[in-house]
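Right, one structure below, let's go through it.
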Amino acid sequence: MEPNHWIKEGEWFCAIEGLAILDKVYDFYFEEYDRIPQNKKIGDYNRSIVQYRLFCDYDGHPIKRNRCKISEADYCSPMCAKYEKVLKRSMKDHPEEYASFVKFLKTPQQKRSWELVSYAIPKSLHKEAIQDFEKIQKNLPPKFTFPDLLKIATDNQCIINMTDFVEYTCGIPLWISVTLSYILGNYAGKRALFDRFDYKIGGMEANDEI
């Protein structure tokens with residue numbers, strides 16, 4: 001399956017919250033941390049995210065705050081005749097709001113996203129795991145892909161297998177979670193290009209004295 005962009009940038013469509021103009025489409029491809037179906041592999045197309053500017057809700061009431069949104073493309077749909085009429089009526093009834101919206105369209109918007117990966121760790125390795133993650137954090141470049149992170153973890157002899165993920169941390173006595181964040185649109189090929197690495201320790205044993 002490949003990306004199917006049924007809408008182009010600058011076109012109107014039906015978003016979750018109302019009627020919007022498409023800003024950007026971001027295609028995502030499977031990476032190591034994803035739940036990859038049996039018939040897929042790393043690098044195959046996964047899903048698409050849309051970034052858009054909201055003008056009004058489905059009753060034609062202008063949206064005045066938080067106009068820039070992101071959503072799964074599957075939750076959006078093309079404009080139909082009914083909502084084209086709602087949009088035209090809203091533009092006509094609220095000329096000042098529409099003028100403000102047109103001005104807003106000219107202002108670039110950046111949205112951030114993130115990936116969360118978690119690992120179970122033995123209590124006996126609590127301190128060593130923290131030390132390893134401090135080294136990783138220190139040695140990461142300003143922007144990095146997940147394979148870059150794996151290499152740095154290997155180079156620093158990290159005791160945690162960075163591809164041995166746990167899906168849920170609930171019920172795990174001691175775990176460490178990593179948040180990898182980035183600006184949407186920052187990619188290296190089919191890889192997300194992260195610029196932040198943060199981690200936290202949790203679980204029932206997290207506060208025990210080692």
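Not measured: the values here are computed from a predicted model.
Heavy atoms only, all atoms of each residue included: L87 and C56 are closest at CD1-SG, 4.5 Å. Here the closest non-hydrogen pair linking C76 and A15 is SG-CA, 4.3 Å. Residues F101 and L54 share a closest heavy-atom pair of CE1-O, 3.2 Å. The shortest non-hydrogen separation linking Y29 to D34 is O-OD2, 3.8 Å.
With salt bridges taken as basic N to acidic carboxylate O contacts below 4.0 Å, none links K103 and E97. A salt bridge links R191 with E32; the closest basic N to acidic carboxylate O contact falls under 4.0 Å.
Annotation: salt bridge (charged side-chain N to carboxylate O under 4.0 Å, His left out) contacts involving residues 151-172, sequence neighbours excluded, comprise R35-E167, K151-D155.
By the 4.5 Å side-chain criterion applied to Ile, Leu, Val, Met, Phe, Trp and Tyr, I36 is assigned to a cluster that also includes F30, I42.
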side-chain contact (heavy atoms from CB on, under 4.5 Å) between V50 and L22: does it pass, once the steps are laid out? CA-CA 7 Å; V50 291; L22 180 67; 3.8 Å; yes

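The only member of E9, E11, E17 that meets side chain to side chain donor-acceptor pair (under 3.5 Å) when paired with Y52 is E17.
Relative orientation of the Y33 and F146 rings is perpendicular, given thresholds of 30° and 60° on the angle between their planes.
For the pair R53 and F104, the cation sits on the ring face: its NZ or CZ lies under 6.0 Å from the ring centre, inside 45° of the axis.
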